[in-house]
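Only heavy atoms go into these numbers, but all of them, side chains included; no hydrogens, no water, no symmetry mates. A, B, ... follow the sequence lines: proteins, then strands. Residue 1 opens every chain.
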Protein chains: 2
Amino acid sequence: MSVQPALYADLKKQSARDVRAAIRAGAYAGHTAGLAPGKLQCNLAILPERYALDFLRFCQRNPKPCPVVGVSDTGDAMLPTLGDDIDIRTDVPRYRVFRDGQLADEVTDISDLWADDLVTVALGCSFTFENALVRSGIPVRHLEAGRNVPMYRSNIALNPAGPFGGEMVITMRPVAEDRVRDAYAISAKYPQAHGAPIGQGDPATVGIRDLDAPEWGEPVEVRDGEVPLYWACGVTPQNVLLAAKLPFVITHSPGHMLIADVAEDAETTIYKP
Amino acid sequence: MSVQPALYADLKKQSARDVRAAIRAGAYAGHTAGLAPGKLQCNLAILPERYALDFLRFCQRNPKPCPVVGVSDTGDAMLPTLGDDIDIRTDVPRYRVFRDGQLADEVTDISDLWADDLVTVALGCSFTFENALVRSGIPVRHLEAGRNVPMYRSNIALNPAGPFGGEMVITMRPVAEDRVRDAYAISAKYPQAHGAPIGQGDPATVGIRDLDAPEWGEPVEVRDGEVPLYWACGVTPQNVLLAAKLPFVITHSPGHMLIADVAEDAETTIYKP
């Protein structure tokens with residue numbers, strides 16, 4: 001699938017609902033960064049109901065990597081608390097289907113895979129605080145470089161629940177020394193989007209061997225006078241779901257998020273029509 | 001059970017852990033307002049696992065009245081993410097036991113009632129933002145008057161989940177006109193404790209007929225130059241659980257809360273030893 005640059009440029013001017021309509025119609029299957037500015041974008045985990053209670057417990061116990069912003073009824077594809085007429089089977093640009101902990105397929109529509117026992121869990125994502133950093137004049141290196149954010153397995157143990165546990169996945173963004181405090185304060189305002197950094201400075205303290213060798217995404221330069229800041233990452237729940245080897249899980253494809261109608265700076269993530 | 005004023009005065013100087021130890025030993029069974037200052041206090045719902053997923057969905061969809069701060073494993077009485085050695089069977093001063101939606105008993109220990117299918121859900125409570133208001137020089141009338149906060153059934157529909165739904169229960173605190181904005185800003189900092197008010201002014205707009213006739217608690221005076229502010233109330237989930245007529249639910253008794261080891265102004269409600 002190409003990036004569809006002309007369509008992407010056109011979609012950038014449209015509402016969350018119109019972007020979802022284009023995705024639902026099969027017209028757009030690209031990434032969602034920069035689309036529907038100001039609206040909450042969400043990581044996704046769709047899993048059988050028998051695992052949902054443990055997964056929600058896991059998320060509650062690990063709110064920085066796993067901030068729950070919406071949960072569907074069992075077998076119901078709609079997410080009314082996140083927006084108008086959101087159908088999770090069709091309204092995300094691209095999905096990953098995992099069977100027994102292995103990637104089985106990547107698709108743009110999961111209508112054929114939907115089942116009566118499925119529960120959708122939507123989780124906040126880093127776009128929210130990145131947008132806030134940029135608005136406050138704190139540049140985000142990987143965005144400037146047109147790269148995906150560097151992601152690392154950390155040594156930070158997660159609070160387990162049922163079959164779910166392991167270590168937190170973290171991201172790194174270099175910030176100028178004199179803006180580090182601001183970066184903490186700004187991102188702390190978004191607990192629904194990973195909140196404040198979980199650490200800073202020496203990569204070894206968070207279990208990173210080499211900043212230039214992220215496990216996911218692409219490395220970015222840390223310049224003189226900059227401090228590497230580490231945030232909890234929304235890849236954590238995906239990783240934990242895979243490690244648990246559930247028979248069946250669907251997630252979004254990285255960067256291809258659900259766009260909600262909720263404002264990313266709203267007091268709660270509950271949509272009010 | 002008497003209020004045990006001498007013991008209460010002594011406990012006010014002690015840590016959350018020491019207060020829980022006194023409660024566990026059966027030495028104290030009074031209210032917890034003002035105890036372990038700065039620590040998070042929690043509303044409680046203990047219910048059979050088969051209702052837990054729907055109840056967590058209900059809380060996620062109604063975060064202002066039902067801010068989840070801790071969830072136990074099924075059948076496990078401990079709450080390690082809220083503090084050291086918290087045993088929910090013994091560490092709350094007083095519990096209410098409901099059967100089929102009716103109050104069946106009020107007890108100071110639920111060890112005999114504990115069962116392998118029970119799940120504890122802890123929810124934030126208004127003590128947290130009330131303390132913050134008082135610290136900021138905004139008096140809280142019912143505290144000054146030594147009364148329980150007035151609570152009302154509102155006309156604000158809750159987002160339903162499974163058997164759970166109905167209308168939000170709200171509290172009222174009168175605030176001087178020139179501090180109303182501050183009261184919003186201060187309480188908004190505590191999303192784990194009902195957050196900002198859900199309304200203000202004319203009681204009719206939130207479905208209250210008579211401010212002097214609260215459904216629970218006691219009325220307080222609204223003086224000239226004051227605005228009644230309405231907050232989502234932690235009685236909401238109790239009320240919703242009762243209306244659902246679950247065969248078995250245990251809650252705390254009003255005012256007799258679980259005291260956690262988590263700081264009430266911490267970024268998350270997850271205890272770090």
Quiz item: Is it the side chain or the backbone of B/Asn159 that comes within 4.5 Å of chain A heavy atoms, both, or neither?
Solution: side chain
Quiz prompt | Engaged part of B/Thr74 at the chain A interface, taking heavy atoms whose separation is under 4.5 Å | solution = both
Quiz item: With a 4.5 Å heavy-atom cut-off, do A/Lys64 and B/Ile270 have their side chains touching?
Solution: no
Quiz item: Is there a side-chain contact between A/Gln60 and B/Leu56, using heavy atoms and a 4.5 Å cut-off?
Solution: no
Self-check item: Contacting region of B/Val121 [heavy-atom separation from chain A under 4.5 Å]
Solution: neither
Quiz item: Do you know which of B/Ala188, B/Gly195, B/Gly70 has the most heavy-atom pairs with chain A at a distance under 4.5 angstrom?
Solution: B/Gly70
Quiz item: Got more than 12 heavy atoms from elsewhere within 6.0 Å of CG, A/Asp202?
Solution: yes
Quiz item: Picking from A/Val119, A/Thr81, A/Leu53, what satisfies side-chain contact (heavy atoms from CB on, under 4.5 Å) with B/Arg57?
Solution: A/Val119
Quiz item: Counting N and O atoms only, with roles assigned by atom type, does the side chain of A/Glu267 sit under 3.5 Å from a partner on the main chain of B/Ala196, one being a donor and the other an acceptor?
Solution: yes
Self-check item: Side-chain donor-acceptor pair present, A/Arg61, B/Thr268, cut-off under 3.5 Å
Solution: no
